[in-house]
Protein chains: 2
Amino acid sequence: METTREPLRADMFGHSDCAAGVQPFRFGDKWSGRVLRCLEQGPRRFSELRIPLHTVTPKVLTETLRAMERKGFVSRTAYDENPPRVEYRLTALGRSAIEPMNAACAWTAEHLPELLAAREGAGGAEGP
Amino acid sequence: METTREPLRADMFGHSDCAAGVQPFRFGDKWSGRVLRCLEQGPRRFSELRIPLHTVTPKVLTETLRAMERKGFVSRTAYDENPPRVEYRLTALGRSAIEPMNAACAWTAEHLPELLAAREGAGGAEGP
DNA sequence: CTGCATCCGATCCGATACTG
DNA sequence: CAGTATCGGATCGGATGCAG
């Protein structure tokens with residue numbers, strides 16, 4: 001799952017070794033996964049998304065949303081009102097992506113202890 | 001599933017909206033997923049990994065491996081021989097991560113058409 | 001309200017060259 | 001063989017300010 005140009009190939013030639021096969025799709029960025037989670041519960045406006053994603057700046061949220069739109073995960077609907085209103089919602093593709101994300105979340109939850117332990121070892125805090 | 005410092009929290013407070021719950025773990029980088037695939041088939045030496053991952057440079061492969069080691073996904077064994085030999089293998093955590101990755105791969109394969117279509121729309125090639 | 005423009009530091013990652 | 005050192009381009013993403 002890459003955002004760059006090469007991956008996503010559906011290799012079928014059996015290279016004697018690994019690295020053949022589809023690379024799993026991934027949003028290469030920080031916020032797309034969370035946006036997917038938010039939109040899972042229904043259409044949301046720009047400012048509604050900013051609340052649960054409370055540290056995202058509007059610029060980055062816009063970029064994220066635009067990218068997800070390009071990739072076909074969300075659709076954008078602007079209503080011609082004043083003040084302006086824009087709604088984002090998941091496409092069928094976006095909704096379908098929730099399942100594998102749930103699998104990843106389940107795995108993560110299950111292995112949280114190990115995952116967190118690794119971070120302490122690296123982070124470097126040792127004694128007071 | 002983040003590499004940065006904040007995610008991986010196991011939120012349990014029910015924020016009224018999304019963005020609560022574990023964020024799925026993810027390697028934030030280009031090569032870790034592929035390395036996981038390669039090591040799935042058994043221990044591999046540094047130079048053996050470079051073959052299927054044929055475009056990776058030694059510097060980047062080293063960084064990737066070191067990061068995966070820190071995170072607890074692979075273990076490194078150096079044999080005191082000449083010429084030197086080093087083997088990398090998956091830890092139990094690393095092996096367990098294959099399952100959700102397979103789920104992601106299956107989803108990707110299933111939706112390849114849509115995923116590829118989005119890339120053309122963006123890439124910009126239009127007419128001959 | 002929903003953005004876009006600009007600046008700027010942090011990462012990522014490829015190329016190239018060198019070492020124990 | 002298994003790396004390390006250095007450089008530079010590309011991207012990410014936060015801060016701030018302005019606009020329709």
Distance, rounded to the nearest Å, where B:Trp31 contributes CH2 and C:dT11 contributes P
22 Å
Tell me: CD of A:Glu48 to P of C:dG3, nearest whole Å?
13 Å
With a 4.0 Å cut-off on heavy atoms, is B:Arg50 in touch with a base, just the backbone sugar-phosphate, or nothing at all?
nothing
Can the positive tip of B:Arg85 be found less than 6.0 Å from the middle of the six-membered ring of B:Tyr79, inside 45° of the ring normal?
yes
Nearest-Å distance for atom pair CZ/C1', residues B:Arg66 and C:dC13
17 Å
Under 4.0 Å between a side-chain N or O of A:Arg45 and OP1 or OP2 of C:dC1?
no
Inter-axis angle, terminal five-pair segments of the helix from C:dC1-D:dG20 to C:dG20-D:dC1 [nearest 10°]
40°
Quick one: NZ on B:Lys71 to OG1 on B:Thr91, what's the gap to the nearest 0.5 Å?
13.0 Å
Among D:dG14, D:dG3, C:dT2, the nucleotide that comes nearest once only the side chain of A:Pro84 is considered
C:dT2
I'd like to check the side chain to side chain donor-acceptor pair (under 3.5 Å) partners of B:Glu40; sequence neighbours left out, ordered by chain and number.
B:Arg37
Selection from C:dG3, D:dT4, C:dC1 that lies nearest to any side-chain heavy atom of A:Tyr88:
C:dG3
Taken to the nearest whole Å, CD/A:Glu87 to P/C:dG3 is 12 Å
d(CZ, B:Phe46; P, C:dG20) in whole Å:
17 Å
I need the residues from residues 56-65 of chain A with at least one non-hydrogen atom less than 4.0 Å from DNA chain D; give them sorted by number, or say none.
A:Thr57, A:Lys59, A:Val60
What does A:Arg76 touch in the nucleic acid at a heavy-atom separation under 4.0 angstrom: a base, only the sugar-phosphate, or nothing?
sugar-phosphate
Taking C-beta and beyond as the side chain, do B:Phe27 and B:Thr64 meet within less than 4.5 Å on heavy atoms?
no
Identify, with sequence neighbours excluded, every residue that meets side chain to side chain donor-acceptor pair (under 3.5 Å) alongside B:Arg66.
none
Is B:Arg89 salt-bridged to B:Glu87, going by a charged N under 4.0 Å from an acidic O?
yes
Set of side chain to side chain donor-acceptor pair (under 3.5 Å) partners for B:Arg95, sequence neighbours left out:
none
Tell me, please, which residues at least two apart from A:Glu114 pass side chain to side chain contact (heavy atoms under 4.5 Å, CB included).
A:His111, B:Leu93
What does B:Tyr79 touch in the nucleic acid at a heavy-atom separation under 4.0 angstrom: a base, only the sugar-phosphate, or nothing?
nothing
Answer yes when B:Glu48 and B:Arg50 have at least one side-chain N-carboxylate O distance shorter than 4.0 Å, and no when they do not.
no
On the nucleotide C:dT2, are OP1 or OP2 found under 4.0 Å from the side-chain N or O atoms that A:Arg44 carries?
no
B:Leu53 CG to C:dC13 P, in whole Å, measures 12 Å
To the nearest 0.5 Å, what is the distance between CZ (B:Phe73) and CG (B:Leu90)?
10.0 Å
A:Asp29 CG to C:dC12 C1', straight-line distance once rounded to whole Å
14 Å
Calculate the interatomic distance between A:Arg85 atom CZ and C:dC1 atom C1'; express it in whole Å.
12 Å
